[in-house]
Visitor: 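First the structure, then my questions, so here it is.
Atoms within a ligand are numbered from 1 in the order they appear, just like the ligands themselves. Worth saying up front: this structure is predicted, and the values here are computed from it rather than measured.
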Amino acid sequence: MRTAPAGLASAYVTTVRLNPSDNVVSFDTEALVVGVHPGPDGLRAAPGAEGLDEALGGRLAATLGAMGVKGTPGEIAKVPTFGALTAPLLVAVGLGDAPEGDYDAEVLRRAAGTATRALAGTGRVALALPAAGAEQAAALALGGLLGAYSFTRYRTGAEQTAPVGEITVLSRAEGAEAAVDRAATVAASVSLVRDLVNTPPSDLWPARFAEIAEQTGAEAGLSVEVLDEKALKEGGYGGIVAVGQGSVNPPRLVRLAYSHPEAAKTVAFVGKGITFDSGGLSLKPTASMDWMKSDMGGAGAVFGALVAIARLGLKVNAVGYLCLAENMPSGTAQRPSDVFTSYAGKTVEVLDTDAEGRLVLIDGIARAGEDSPDLIVDVATLTGAQIVALGWRTAGVMAGDDELREEVVRIAGEQGESAWGMPLPEELRKGLDSPVADIANLHPERFGGMLTAAIFLREFVPEGVRWAHIDMAGPAFNKGEPHGYTPKGGTGAITRTLVGLAEQYAR
Ligand code: BES
Ligand code: MN
Ligand code: ZN
């Protein structure tokens, strides 16, 4: 049994375990979750629910049908069992038209998450969903844990609902133990990132984030180094200093490192960590600002991934950089038209102080080159243009070479994170020319903003190092309704993709 460690901000205590029982009728739990498919003659119970219909007198499909259940993904129905099962509550979740035995892992994650989300307050939940293979069991564990997530630190009401206490995955699949353990470790990291994103910026400023990284990082077995504002100035980190200089909460650069004695490869991850993005003197309009506490989601994903990589003991070397600053307007803030010298030595003219993410990232990217990595991946809530192009849920992936871009997109998909490859059209580079400095941080053309931001970053990638960039402005934060295993607010997006990448380079 694995316990997700108490989150930094919320008391996230859901645990997961495996049970080889296939007796859903007498399984001792408070809520038994089964899957249903649409079928030509009404609903069809999914594998995992064997024996159930008989115990219910053959009335399962008719009962659910009468309730309007169609078996489509996202659907959920709660049915009292009136003593026909040991579990007092039966929960049916729709799995759609999955061909029997061949379930898409993401369908299972979402179904499990839909169930645990709807069962908040329940002590013990058993998932009797398709779990013939270890990968399926792990998908149920991950989706179930992520769906159970809740962030309650700032609620004072007496009738607060606790998340599901314990999830049992019913499976006898070979290798399920290790796969479910991995899922629990990854879920703990995603939950940690969600906590950080959800924490209000009054409680999460750069130095505080750095402290949390030091503490949790050390506990996980990472070596952690923090550069404060003085060290950043002396070290020549002009971009991080420039963005952070307007705030009373000074900037930080955190370096997290994990190494394995048998590692053959080194991966470097760089995260945008703007703990609040007001836009600076190029102030954002009110409606664009209220969710800018999520602008550290990239650094969150890098942090969460490094913690998971260390806990999993992957055979890879991994370094993570958290580029932390608060972007605020004030008498000390950088001005549009200011010029700074970046860590890489190139000068940058700041035409718009709201294009600050790229300014902190270029210092992290250049610094990451000193670790001689096999690749650098930066992760950032970088542009509103990403949301315009791909919507809320799909991250944009850009890279210095096509193979790496496709690899990142593929791995994201395998982990259940939506991502799509985007180009770096050469003709856009010219627009970043500055009349006074080596480069400007703003392109005169608004269209293609996600691409011009990436083209700006590319100028600072160390010679000869493979590089990919993930813009997750939309996916980092769910402003809409919860769905599947994704809650409202912080999502922990791209954490799983980075872990998957590290696993790939550990092979
Ligand atoms: N943090 C924002 C991008 C963002 C927008 C993230 C919406 C999540 C949701 C970023 O710092 C920003 O302000 N980008 C500007 C860039 C522009 C000034 C070139 C943008 O996208 O408008
Ligand atoms: Mn901004
Ligand atoms: Zn920003």
Side-chain angles (χ1 to χ4, degrees), residues 197-198 201 204-206 209 239-240 242-244 246-247 251 270-301 322-329 333-338 348-364 378-396 398 422 428 431-432 434 439-457 469-480 489-494:
V197 171
N198 287 331
L204 192 77
W205 57 96
F209 195 154
I240 299 176
V243 173
S247 171
V270 180
K272 170 179 174 180
I274 302 300
T275 56
F276 185 71
D277 182 12
S278 71
L281 286 175
S282 311
L283 198 66
K284 284 186 182 295
T286 305
S288 310
M289 215 191 279
D290 63 11
W291 45 303
M292 280 302 126
K293 66 175 184 179
S294 62
D295 213 20
M296 35 56 68
L322 318 181
C323 306
L324 306 173
E326 187 178 49
N327 190 22
M328 296 291 271
Q334 64 173 338
R335 291 150 288 245
S337 77
D338 272 357
V348 179
E349 183 182 20
V350 181
L351 294 176
D352 190 320
T353 65
D354 197 14
E356 86 297 340
R358 61 197 75 182
L359 306 183
V360 300
L361 283 172
I362 57 174
D363 283 352
D378 78 76
V379 190
T381 48
L382 204 59
T383 66
Q386 178 274 312
I387 305 170
V388 174
L390 294 172
W392 292 108
R393 298 188 195 175
T394 302
M398 290 134 279
M422 286 296 189
L428 296 178
L432 292 171
S434 157
I439 194 166
N441 80 330
L442 187 70
H443 197 281
E445 177 76 74
R446 194 166 58 88
F447 301 112
M450 168 168 51
L451 316 180
T452 50
I455 286 169
F456 176 88
L457 296 177
H469 160 63
I470 306 178
D471 192 337
M472 35 91 98
F477 196 81
N478 178 17
K479 281 172 77 81
T491 61
I494 305 301

Visitor: For ligand 1, which atoms, with element, lie under 4.0 Å from some heavy atom of Leu442?
Guide: 19 (C)
Visitor: With a cut-off of 2.8 Å, does any N, O or S atom of Asp354 fall short of it relative to the Zn ion (ligand 3)?
Guide: no
Visitor: Below 4.0 Å from any atom of ligand 1, is there a heavy atom belonging to Arg446?
Guide: no
Visitor: Atom CZ in Phe447, atom OG1 in Thr452: separation rounded to 0.5 Å?
Guide: 12.0 Å
Visitor: Do you know the tightest heavy-atom contact between Val348 and Phe456?
Guide: CG1-CZ, 3.9 Å
Visitor: Specify which N/O/S atom of Asp295 comes nearest to the Zn ion (ligand 3), by atom name.
Guide: OD2
Visitor: Under 4.0 angstrom from ligand 1, any heavy atom of Lys479?
Guide: no
Visitor: With a 4.0 Å cut-off on heavy atoms, is Met292 in contact with ligand 1?
Guide: yes
Visitor: Which of the atoms of ligand 1 are close to Gly384, meaning less than 4.0 Å from one of its heavy atoms?
Guide: 3 (C), 5 (C), 20 (C), 21 (O)
Visitor: In this structure, does ligand 1 have an atom that sits under 4.0 Å from one of the heavy atoms of Lys284?
Guide: yes
Visitor: Report the nearest protein non-hydrogen atom to atom 10 (C) of ligand 1: residue, atom name, distance rounded to 0.1 Å.
Guide: Leu382 O, 3.3 Å
Visitor: Within ligand 1, which atoms have a heavy atom of Thr381 less than 4.0 Å away?
Guide: 1 (N), 2 (C), 3 (C), 6 (C)
Visitor: Salt bridge check, Lys272 against Asp295: does any charged N sit closer than 4.0 Å to a carboxylate O?
Guide: yes
Visitor: If I consider every N, O or S atom in Glu356, which one ends up closest to the Zn ion (ligand 3)? I only need its name.
Guide: OE2
Visitor: Among the heavy atoms of Trp291, does any lie under 4.0 Å from an atom of ligand 1?
Guide: yes
Visitor: Hey, are Lys479 and Asp290 close enough for a salt bridge, meaning a charged N less than 4.0 Å from a carboxylate O?
Guide: yes
Visitor: For atom 18 (C) of ligand 1, which of Thr353, Leu359, Asp352 has the closest heavy atom?
Guide: Asp352
Visitor: Answer with yes or no whether the side chains of Asp471 and Thr383 bring together a donor and an acceptor at under 3.5 Å.
Guide: yes
Visitor: Please report the shortest heavy-atom distance between Ala493 and Pro475, naming the atom on each side.
Guide: CB-O, 3.4 Å
Visitor: Hey, what do you get for NE2 (His469) to CD1 (Ile455), rounding to the nearest 0.5 Å?
Guide: 10.5 Å
Visitor: Do you know which N/O/S atom name in Glu356 is closest to the Mn ion (ligand 2)?
Guide: OE1
Visitor: I'd like to know whether ligand 1 has Ile387 as a neighbour, heavy-atom separation below 4.0 Å.
Guide: yes
Visitor: Can you tell me the N, O or S atom of Asp277 that's nearest the Mn ion (ligand 2)?
Guide: OD2
Visitor: Rounded to the nearest 0.5 Å, what's the gap from CG on Asp378 to CG on Leu361? Could you check?
Guide: 5.0 Å
Visitor: Do Ile362 and Leu457 make a side-chain contact, defined as non-hydrogen atoms from C-beta onward lying under 4.5 Å apart?
Guide: yes
Visitor: Are Met289 and Leu283 close enough that some pair of their side-chain heavy atoms sits under 4.5 Å apart?
Guide: yes
Visitor: To the nearest 0.5 Å, what is the distance between OG1 (Thr381) and CE (Met292)?
Guide: 7.0 Å
Visitor: How far is atom 16 (C) of ligand 1 from its nearest protein heavy atom, and which residue and atom name does that atom have?
Guide: Arg358 NH2, 3.9 Å
Visitor: If I take atom CZ from residue Arg358 and atom CD1 from residue Ile439, how far apart are they, to the nearest 0.5 angstrom?
Guide: 9.5 Å
Visitor: If you have a sec, work out which protein heavy atom is nearest atom 15 (C) of ligand 1 and how many Å separate them, to one decimal?
Guide: Asp354 O, 4.0 Å
Visitor: Looking only at protein heavy atoms, which one is nearest to atom 2 (C) of ligand 1, and what is the separation?
Guide: Asp277 OD2, 3.6 Å
Visitor: Specify side chain, backbone, both or neither for Met450, according to which of its non-hydrogen atoms lie closer than 4.0 Å to ligand 1.
Guide: neither
Visitor: If you measure from atom 11 (O) of ligand 1 to every heavy atom of Met289, Met472, Glu356, which option wins on shortest distance?
Guide: Glu356
Visitor: Please examine the side chains of Gln386 and Met422, heavy atoms only from C-beta on, and report whether any two atoms are closer than 4.5 Å.
Guide: no
Visitor: Hey, what's the angle at the Zn ion (ligand 3) spanning NZ (Lys272) and OD2 (Asp277), nearest 10 degrees?
Guide: 170°
